[in-house]
Amino acid sequence: MGFVQLETYEKPILLGVLVLFSLMAFPYLFQESLWNDETVYMWMANKIKENPSFLLSEHPAKMSYGYLFSTIAAFLSNFMEVFYAARITSFLFSIAGIVAIYYAAKKSINQYAGITAAFLLGSNALFFFITNRALLDAPLTAIFSIIYLALVYFNPDDWKSGLLLGILSLVAILTKTSGFLAVPSILFALFVMYPHPKNWTRKGIMTCLFVILASGFLYLGNNYLQFGNFMLGDISKLQTTVIFGGSHAFYLQNANHIFTLPLFLLGIAGIIIAIQQKDKLMGVAVVGGFQFLFFSFLVGEKVDRYILPTLPAIILFSLYFLDWSLNKLKISPKWVIIILLLSCLNYPTAKNLTESRMYTYTGFQEIGITVKNLEKNHNFEKIYSQSSRQIRAFSGIEYESDGGKIKLLPKTLEELENQENILIQLDIWEYTGPEWAYPLTQEKVDNLIANNFTMVHVVYRDYPTQDGLQKIPVGLLMVK
């Protein structure tokens, strides 16, 4: 099987990879399990659909700069419910990321590496899991995959090439706050790729520099206009751990979970060889490495999905090293296809990870719609919610601070003693709730009833137990 034969079939094979990824993802894409952050972008999509000027408010910037994701979801919500629109938006970004890494690997290595890279990204457990959530991490991973592709194709003498790479830095910013890392990392990548000062007068590099700097100033300017602070808050708080802490070595310690350990080690070896060979892929190493180091040493909150945009870079370098090794051993590069077989082993892990979480954080759509209907009948003075973001998204009722009625649960139950015509929403999921509400037990419910609250709605959902799936109460509404 030579290169000519592969060229004949590579497009159908790529299409097959995308179809396979779609078939794997779709059974889980519309799972009811719904994380807190997902409902923020769904709510933003609804607001953009109602009034596009919402994009000029502080909310998109405040909510992780989810401009691009929420705008696309808003458009799709013209044809379907926003829940489906947001999940499909995440899926479409992932498809784009797979296609981008295919072309990046094909250009920098060979056709076999392109197909293999597409398989590796699509079957990665964490990437697959996050694809099925309406979060910004899979979209940002896709955008950085496209940035890696643009770096591989970058022509320092072509202003169009520079314009594309520069624009992608702005697209990254508009995808998620951490996309701002594209600005300094691309600048540094260009310096590493073209260190001689005379290179910086070449059309492609000059154009890229201008657009990247403009993107950076737009980001800083928007922050200042919205919040009076260039850096979207106190930069010293980056080291603060809110929920998920860890050491500087957290991502190294969890490399097997995020990348798979063999892939990670091959990737590190590939980076070393690329630097020794002064290969153009050094730019990819800089951009990917910049993110890895930033989240390892400068951000206190440690969450595996935060460094997901480094995954396509690790895939590229693992295949680069494998191809380099095969060439040294004078073995046909077609044997890189063996990695395809190994990548298939990831699917059970991806499936198990997804299925293990699909029975958590359920019932919010039903609760939100019920809150909406109860509000029409009772016109409550206030609505106290344990999971306020989810209830806001599905009830259509705003926070009290934005002219609505939804508030967080008070720290103590005594604060509700003298209030009348109020609704409270409780669930078994949101662990930030006060002690009188979480963890939710029958004793706490009885205490609320003793304080003149009346149960008006209970949500039941399937949950895995020793006896298999059982219906359990996952959320409730009480009025007073």
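What you see is a predicted model; the values in this text were computed from it and never measured.
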Note to self: Before you tell me yes or no, could you show the steps for Phe154 and Ile205 under side chain to side chain contact (heavy atoms under 4.5 Å, CB included), namely the whole-Å CA-CA distance, both residues' side-chain angles and the distance that decides it to 0.1 Å?
What the structure shows: CA-CA 9 Å; Phe154 183 72; Ile205 294 178; 3.9 Å; yes

Next item on the list: Verify side chain to side chain contact (heavy atoms under 4.5 Å, CB included) between Ser22 and Ile95, making sure each step is shown before the conclusion.
Entry: CA-CA 9 Å; Ser22 302; Ile95 290 291; 4.1 Å; yes

Next item on the list: Apply side chain to side chain contact (heavy atoms under 4.5 Å, CB included) to the pair Ile369 and Ser395, showing each step before the final yes or no.
Entry: CA-CA 5 Å; Ile369 292 171; Ser395 69; over 6 Å; no

Margin query: Apply side chain to side chain contact (heavy atoms under 4.5 Å, CB included) to residues Ser90 and Phe69 and explain how you reach the verdict.
Written below: CA-CA 8 Å; Ser90 179; Phe69 183 94; 4.1 Å; yes

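In this structure a side-chain-to-backbone donor-acceptor pair under 3.5 Å is missing from Thr310 to Gly288. Without hydrogens or angle criteria, Ser385 side chain to Ile391 main chain gives no donor-acceptor distance under 3.5 Å. Panel note: side chain Ser169, backbone Gly166; a donor-acceptor pair is recorded below 3.5 Å. In terms of modelled atom types and a separation under 3.5 Å, the side chain of Asn51 and the main chain of Phe54 share no donor-acceptor contact. Within the 3.5 Å criterion, the main-chain N or O of Ser64 finds a donor-acceptor partner in the side chain of Thr177. No side-chain donor-acceptor contact under 3.5 Å links Ser296 to the backbone of Leu293. Gln386 places a side-chain N or O within 3.5 Å of a backbone atom of Glu430 that can act as its donor or acceptor partner. Within the 3.5 Å criterion, the main-chain N or O of Ala138 finds no donor-acceptor partner in the side chain of Arg133. Using a distance-only test at 3.5 Å, with no hydrogens or angles considered, a donor-acceptor pair links the side chain of Asn223 to the main chain of Phe230. Checking side-chain atoms of Gln31 against main-chain N and O of Tyr28 turns up a donor-acceptor pair under 3.5 Å.
In this structure, Lys203 and Pro156 have side chains that are not in contact, with every pair of non-hydrogen atoms separated by 4.5 Å or more. Here the side chains of Ile383 and Ser388 are not in contact, with every heavy-atom distance at 4.5 Å or above. At a threshold of 4.5 Å between non-hydrogen side-chain atoms, the residues Ile258 and Asn254 count as touching. At least one side-chain heavy atom of Pro60 sits less than 4.5 Å from a side-chain heavy atom of Met44. Tyr84 places none of its side-chain heavy atoms less than 4.5 Å from the side chain of Leu76. The closest side-chain heavy-atom distance from Arg389 to Trp43 is not below 4.5 Å. In this structure, the side chains of Tyr320 and Ile271 stay at 4.5 Å or more apart for every pair of heavy atoms. Contact annotation: the side chain of Met358 never approaches that of Asn132 to less than 4.5 Å [non-hydrogen atoms, C-beta and beyond].
Between Phe297 and His248, the ring planes are tilted. Angles from 30° to 60° get that label. Using the six-membered ring where Trp is involved, Phe21 and Phe128 have ring planes that are perpendicular, over 60° apart on the 30 and 60° scheme. Ring geometry for Phe79 against Phe75 counts as perpendicular: the plane angle is over 60°, on a 0 to 90° scale with 30° as the lower cut. Taking the six-membered ring for Trp and thresholds of 30 and 60 degrees, Trp429 and Tyr463 have ring planes inclined between 30 and 60 degrees apart.
In plain terms, the two heavy atoms of Phe93 and Leu68 that are nearest each other are CZ-CD2, 3.8 Å. Heavy atoms only, all atoms of each residue included: Tyr148 and Pro309 are closest at OH-O, 2.9 Å. Shortest non-hydrogen contact noted between Asn256 and Pro262 is OD1-CD, 4.4 Å. Leu121 approaches Phe127 most closely through the heavy-atom pair O-CD2, 3.1 Å. The shortest heavy-atom contact between Ala393 and Asn46 is O-ND2, 4.1 Å. Closest approach of Ala189 to Gly283, counting heavy atoms only: CB-O, 3.6 Å.
A salt bridge links Lys47 with Glu398: the closest approach of a Lys/Arg side-chain nitrogen to an acidic carboxylate oxygen falls below 4.0 angstrom. Between Glu400 and Lys405, none of the side-chain N atoms (NZ, or NE/NH1/NH2) sits under 4.0 Å from a carboxylate O, so this pair counts as no salt bridge. A salt bridge links Asp37 to Arg305: one of the charged nitrogens lies within less than 4.0 Å of a carboxylate oxygen.
Residue-environment remark: CZ (Phe26) exceeds the threshold of 12 foreign heavy atoms within 6.0 Å.
Taking the six-membered ring where the residue is Trp, the centroids of Tyr219 and Tyr65 are separated by under 6.0 Å. Centroid-to-centroid, the aromatic rings of Tyr438 and Tyr431 stay 6.0 Å apart or farther. Trp35 has its ring centre no less than 6.0 Å from the ring centre of Tyr41. For Phe295 and Phe250, the ring centers sit 6.0 Å or farther from each other.
Atoms CG and CG, on Leu308 and Asn124 in that order, are 6.5 Å from each other to the nearest 0.5 Å.
Annotation: salt bridge (Lys or Arg N to Asp or Glu O under 4.0 Å) contacts involving residues 148-173, sequence neighbours excluded, comprise Asp157-Arg202. Among residue pairs with one or both ends in residues 260-272, none qualify as side-chain hydrogen bond (donor to acceptor under 3.5 Å, both in side chains); sequence neighbours excluded.
For the pair Lys372 and Phe394, the cation-pi test (distance below 6.0 Å, angle within 45°) is failed. By the 6.0 Å and 45° rule, Arg461 does not stack over the aromatic ring of Tyr359.
Shown are Glu81, Glu38, Glu32; of these, the salt bridge (Lys or Arg N to Asp or Glu O under 4.0 Å) with Arg87 is made only by Glu38.
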